[in-house]
Amino acid sequence: MDGRDIMRVGGQSILAILAAAVAIYLLGFLIYGLVFSEMWQGFHGYTKESMETLFAGKEWRMALSPVMPLLIAFGMAKVIGWRGQKGLVPGVRTGLVVGVCFLIASRMYGFVYGPEPEGLLIMDSLHMLAGALIAGAVIGAWPERKAA
């Protein structure tokens with residue numbers, strides 16, 4: 001085992017997974033934290049004041065927020081590895097399939113069986129799709145390790 005093998009988990013590059021996860025996390029911060037935060041609150045019927053009471057005592061949940069992009073990035077790395085097609089374009093294609101068929105499809109359950117508005121489904125789905133495309137691009141284009 002050489003130093004490059006240490007930087008792998010499940011046969012996948014830890015650095016590629018971390019880079020993709022950070023990209024997904026930053027995308028979510030831009031969408032939900034900066035650009036469309038008021039729109040997101042409106043879809044839920046939240047105000048800044050109501051959010052303080054709704055989430056009081058549940059702040060610990062924010063510690064889980066890095067887990068989601070890490071799982072998505074790791075899963076994307078595994079799927080790209082299984083496909084055996086590295087590169088930017090194959091990575092983006094994989095991201096498209098994973099984004100639509102898994103992330104958006106699972107996100108739809110809350111819409112179909114709940115009272116949420118169409119706008120929230122669209123916003124969250126676009127976020128999920130963009131994250132999958134970015135993760136696929138990062139992981140697909142990540143340089144392969146050289147054989148020893």
Side-chain angles (χ1 to χ4, degrees), residues 1-44 46 48 51-52 54-114 116 119-148:
M1 177 187 295
D2 66 17
R4 291 178 302 234
D5 291 326
I6 294 171
M7 297 299 292
R8 302 185 80 71
V9 62
Q12 309 305 315
S13 167
I14 291 173
L15 294 178
I17 291 167
L18 288 174
V22 167
I24 294 168
Y25 197 85
L26 288 175
L27 174 68
F29 173 73
L30 287 172
I31 291 172
Y32 297 104
L34 295 179
V35 180
F36 298 110
S37 62
E38 289 182 15
M39 182 184 293
W40 178 83
Q41 288 176 12
F43 287 142
H44 282 284
Y46 299 153
K48 290 182 185 191
M51 285 184 65
E52 290 176 14
L54 284 170
F55 295 102
K58 299 176 186 173
E59 295 85 2
W60 62 269
R61 292 181 182 186
M62 288 303 286
L64 297 174
S65 63
V67 173
M68 297 173 292
L70 281 168
L71 288 173
I72 292 168
F74 179 75
M76 188 69 66
K78 291 300 287 184
V79 172
I80 288 171
W82 292 333
R83 287 190 69 209
Q85 296 181 348
K86 289 285 288 180
L88 178 65
V89 173
V92 171
R93 286 184 184 143
T94 303
L96 179 64
V97 171
V98 168
V100 171
C101 296
F102 296 101
L103 299 177
I104 291 176
S106 63
R107 174 62 191 82
M108 289 175 67
Y109 277 93
F111 174 76
V112 171
Y113 297 113
E116 71 182 41
L120 184 59
L121 172 67
I122 293 167
M123 183 180 195
D124 287 349
S125 294
L126 290 174
H127 169 238
M128 292 287 103
L129 179 59
L133 292 170
I134 290 168
V138 169
I139 293 165
W142 200 264
E144 288 284 330
R145 66 179 174 163
K146 303 251 192 271

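Keep in mind that the numbers below use all heavy atoms, side chains included, and drop hydrogens, waters and symmetry copies. Keep in mind that this is a model prediction, so the values were computed, not measured.
Scanning for side chain to side chain contact (heavy atoms under 4.5 Å, CB included) contacts around A130 gives L27, with sequence neighbours left out. By the side chain to side chain contact (heavy atoms under 4.5 Å, CB included) test, L26 pairs with V22, sequence neighbours left out. Annotation: salt bridge (charged side-chain N to carboxylate O under 4.0 Å, His left out) contacts of K78 (sequence neighbours excluded): none. Every side chain to side chain contact (heavy atoms under 4.5 Å, CB included) that L71 has, sequence neighbours left out, goes to V67. With sequence neighbours excluded, no residue satisfies side-chain hydrogen bond (donor to acceptor under 3.5 Å, both in side chains) with Q41. Considering only residues two or more places apart in sequence or on other chains, A137 meets the side chain to side chain contact (heavy atoms under 4.5 Å, CB included) condition with L88, V92. Every residue was checked against the ring pair (Phe, Tyr, Trp, His ring centres under 6.0 Å) condition with F29, not counting sequence neighbours, and none meets it.
Between I24 and L70, the closest side-chain pair of non-hydrogen atoms is not below 4.5 Å.
Residue pairs meeting the salt bridge (Lys or Arg N to Asp or Glu O under 4.0 Å) criterion with at least one member in residues 98-108, sequence neighbours excluded, are R107-E116, R107-D124. Sorted by first and then second residue, the pairs that involve residues 86-101 and meet salt bridge (Lys or Arg N to Asp or Glu O under 4.0 Å), not counting sequence neighbours, are K86-E144. Listed by first then second residue, pairs satisfying side-chain hydrogen bond (donor to acceptor under 3.5 Å, both in side chains) with a partner in residues 58-67 read Y25-S65, not counting sequence neighbours. Sorted by first and then second residue, the salt bridge (Lys or Arg N to Asp or Glu O under 4.0 Å) pairs involving residues 10-33 (not counting sequence neighbours) form an empty list.
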Atom pairs and distances, donor-acceptor, side-chain atoms in residues 97-104, under 3.5 Å, two or more places apart:
none

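To the nearest 0.5 Å, atom CD1 of residue I139 and atom CD1 of residue I72 are 10.5 Å apart.
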